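Encoded as structure tokens, the structure appears first; notes follow it.
Below, all heavy atoms of this structure are taken into account, side chains as well, without hydrogens, waters or symmetry copies. Model, not experiment: these values are computed from the prediction. Just so we're on the same page: letters track the sequence lines, and every chain starts at 1.
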Amino acid sequence: MSFLNDVVNIVIKYYPNLLDGVGNTMLIALIGTVAGLVIGLLTGVVRTAPLSKNAVLRVLHKILNAVIAVYVEIFRGTPMMVQAMVIYWGYAFATGGSTLPLIPSGILIVSINTGAYMAEIVRGGIISIDKGQFEGAMSIGMTHSQTMLKVIIPQVMRNILPSVSNEFVINIKDTSVLNVIGVTELYYFAGIIKRQSFETFQTYLVVCVIYFILTFTVTRLLRWVERKLDGNDSYVIFGSQSDSAAEIRISREA
Amino acid sequence: MSEKVIELVHLQKQFGENTVLRDINLSVSKGEVLSIIGASGSGKSTMLRCINLLETPTSGQILYHGKDITGHDMNLSQYRAKVGMVFQSFNLFSNMTALNNCITGQVSVLKRSREEAEAIAMKYLERVGMAPYINARPSQLSGGQKQRVAIARALAMEPEALLFDEPTSALDPQMVGEVLDVMRSLAEDGLTMIVVTHEMAFARDVSSNVVFMSGGVICEEGKPHDIFENPQNPKTREFLTRFLDSHRGNY
Ligand SMILES: Nc1ncnc2c1ncn2[C@@H]1O[C@H](COP(=O)(O)OP(=O)(O)O)[C@@H](O)[C@H]1O
Ligand SMILES: [Mg+2]
């Protein structure tokens, strides 16, 4: 079977390049997803915060909300490949020719793009939390920010974890568009290998399998994390309600 | 006459065009239990929520020890820590254990140390008979247990007064008793309470005063004996007659 031989040979001959590509792809996708989530949390908290009684702060808040809305619309409404070109070459244009380093550029572009999606995911997550959770916190005097930090965001994080995982998987695949500005991720190396080996189909088949292994592993891993987070279905009853002498132990949750 | 803890003066609340509370005047003194009864939609919850400032009154005053809390200079957090609230739907933090539900507010609002807060939380969880369940999450508890944790959460702030909005209305009948027992013992200990309730036996036996509300106004106010045995306002009479008819045996 010469076809299988070709495939195996590509893997053997080019594995340093392939590994390099996998490393950069995962690095950009991971940091981009985490940074995007941070952007989403910040914008989500700002957009759902009650407007201040202070007139100046209220106007600033509204302006900020409008800026976020525009950001979300633009970055969700245009292809990431085009965003990459505009940002990378826009910087070069503005500085009269100097360019940003490639990997950091890739991370920046993926972060901003993911942030636009995360902004909506987080906002939806916050809105969907029962109003009673806010009122319970307010009724004992907790401020809005304390409520957000201790009560709302932890619940939002759990609820949006499947969507965040999904964004991560999308980013692993979509970093491939960064080859338009020359970022050395997996798809970029596929192009190099193809030009050297002249075996186009075999090369892209190998790369295809690698992408699938990456996304499949990440999906399984994050499912497992979700299950872990949900914790035990049961709890331990300490002592006995009728026996007041029973020892009552306090075990802190992690 | 002991000192007034909370006093409502000409309190008015509108939602858009809809006037839900008109000219409410009311006061609770230290150690008193004030029960509020009335048909659904008469504005009981709105009044309670105004006292806790979950709703902003349209006009009128809410005095806490004679000081108007609707003013802008009021520290809302400190006030709410002093005047807590227990909800019909519990509103426990679903991401926390029973114990942490009772600790968080103390640490955030009262700036107590974690250790101190934990000791105080334990004290009140024991008080409501929930100490064995400190590690349970709200979703793992029955309605009555949830409400007892919610009461412990409010008590852990060591408030001066507690507001209860139909605390037993969402409970299965067999769980109502355990919550009312806790409330009774709090009343005996002299906690100032305002209780919106449909538990007429509780209102009659435990209250210092009873208020009957209808259509956003206070129709009648008096000692429980007078309200239940000898209501003056025809609306009160009608409400009680109808209520007792549909709840025969519970009273
Ligand atoms: N947030 C709100 N917006 C508009 N109307 C409301 C709101 N909350 C309550 N109401 C109205 O106010 C009236 C009194 O409601 P409520 O205080 O809940 O009565 P009760 O607790 O006595 O059943 C009702 O007619 C209700 O529809
Ligand atoms: Mg109500």
Side-chain angles (χ1 to χ4, degrees), chain A residues 50-55 57-58 125-126 128-161 229-254, chain B residues 49 52-54 72 75-110 114 118-119 121-122 125-126 129-141 150 153-154 156-157 159 162-163 165:
Chain A
L51 290 173
S52 167
K53 287 203 178 82
N54 179 313
L57 286 179
R58 194 164 61 232
I126 293 173
S128 69
I129 299 288
D130 178 30
K131 206 166 117 264
Q133 296 288 304
F134 289 91
E135 293 191 344
M138 275 160 80
S139 76
I140 52 173
M142 289 171 72
T143 61
H144 181 78
S145 38
Q146 288 167 344
T147 307
M148 275 293 171
L149 211 62
K150 299 205 168 174
V151 179
I152 307 301
I153 296 297
Q155 295 183 43
V156 168
M157 289 295 274
R158 172 60 195 92
N159 292 346
I160 67 172
L161 193 56
L229 282 183
D230 286 343
N232 231 322
D233 278 344
S234 58
Y235 54 89
V236 183
I237 293 184
F238 290 109
S240 131
Q241 252 180 309
S242 50
D243 176 10
S244 57
E247 183 198 11
I248 290 163
R249 278 172 297 156
I250 301 175
S251 86
R252 274 207 204 85
E253 293 235 318
Chain B
R49 292 165 61 80
N52 199 251
L53 289 182
L54 287 176
H72 284 295
N75 184 333
L76 213 59
S77 279
Q78 295 306 317
Y79 167 69
R80 283 181 175 144
K82 285 280 158 218
V83 180
M85 181 134 170
V86 173
F87 302 85
Q88 180 177 347
S89 52
F90 326 120
N91 296 347
L92 288 176
F93 307 136
S94 46
N95 58 317
M96 293 179 202
T97 60
L99 180 63
N100 281 333
N101 261 280
C102 300
I103 288 176
T104 301
Q106 298 184 58
V107 174
S108 302
V109 181
L110 304 178
R114 170 93 203 177
E118 195 167 287
M122 279 310 299
L125 283 163
E126 275 175 58
M130 286 301 292
Y133 300 91
I134 49 175
N135 285 327
R137 287 177 182 274
S139 61
Q140 299 166 322
L141 296 172
R153 175 177 72 179
M157 305 301 286
L162 273 191
L163 315 171
D165 191 4

Rounded to the nearest 0.5 angstrom, the CZ-CG distance for B/R137 and B/N135 is 9.5 Å
Using non-hydrogen atoms and a 4.5 Å limit, figure out which bit of B/S89 sits close to chain A: side chain, backbone, both or neither. neither
Give the interface residues of residues 147-154 of chain A toward chain B, defined by a heavy-atom separation under 4.5 Å. A/K150, A/V151, A/P154
Contact origin within B/V86 toward chain A - heavy atom pairs under 4.5 Å: neither
With chain A, the option among B/Q106, B/M85, B/K82 that has the most non-hydrogen atom pairs under 4.5 Å is B/M85
Holding to salt bridge (Lys or Arg N to Asp or Glu O under 4.0 Å), I want the full list of residues that pass it with A/R158, two or more places apart in sequence or in another chain. A/D230
Side chain B/N101, main chain B/M96, donor-acceptor under 3.5 Å: yes
Contact part of B/S139 toward chain A, heavy-atom cut-off under 4.5 Å: side chain, backbone, both or neither? neither
Of the backbone (N, CA, C, O) and the side chain (C-beta and beyond), which part of B/L163 lies under 4.5 Å from a heavy atom of chain A, both, or neither? neither
Is it the case that the side chain of B/S108 and the backbone of B/G105 share a donor-acceptor pair, with hydrogens and angles ignored and the cut-off at 3.5 Å? no
Report the distance from atom CE of B/M122 to atom CE of B/M130, rounding to the nearest 0.5 Å. 11.0 Å
Would you please name every residue forming a side-chain contact (heavy atoms from CB on, under 4.5 Å) with B/A81, sequence neighbours left out? B/V109, B/L110, B/M157
Nearest 0.5 Å, please: how far is CD in B/E118 from CG in B/N100? 8.0 Å
Please name all residues satisfying side-chain contact (heavy atoms from CB on, under 4.5 Å) with B/L76, sequence neighbours left out, ordered by chain then number. B/L53, B/R80
About how many Å separate CG of B/N52 and OH of B/Y79, when rounded to the nearest 0.5 Å? 6.5 Å
Counting only non-hydrogen atoms closer than 4.5 Å, does B/L141 touch chain A with its backbone (N, CA, C, O), its side chain (CB onward), both, or neither? side chain
Tell me, side chain or backbone of A/Q146 under 4.5 Å from chain B's heavy atoms, or both, or neither? side chain
With only heavy atoms counted, which part of B/F93 is less than 4.5 Å from chain A, the side chain, the backbone, both or neither? both
Yes or no on side-chain contact (heavy atoms from CB on, under 4.5 Å) for B/N91 and A/M138, after CA distance, side-chain angles and deciding distance? CA-CA 11 Å; B/N91 296 347; A/M138 275 160 80; over 6 Å; no
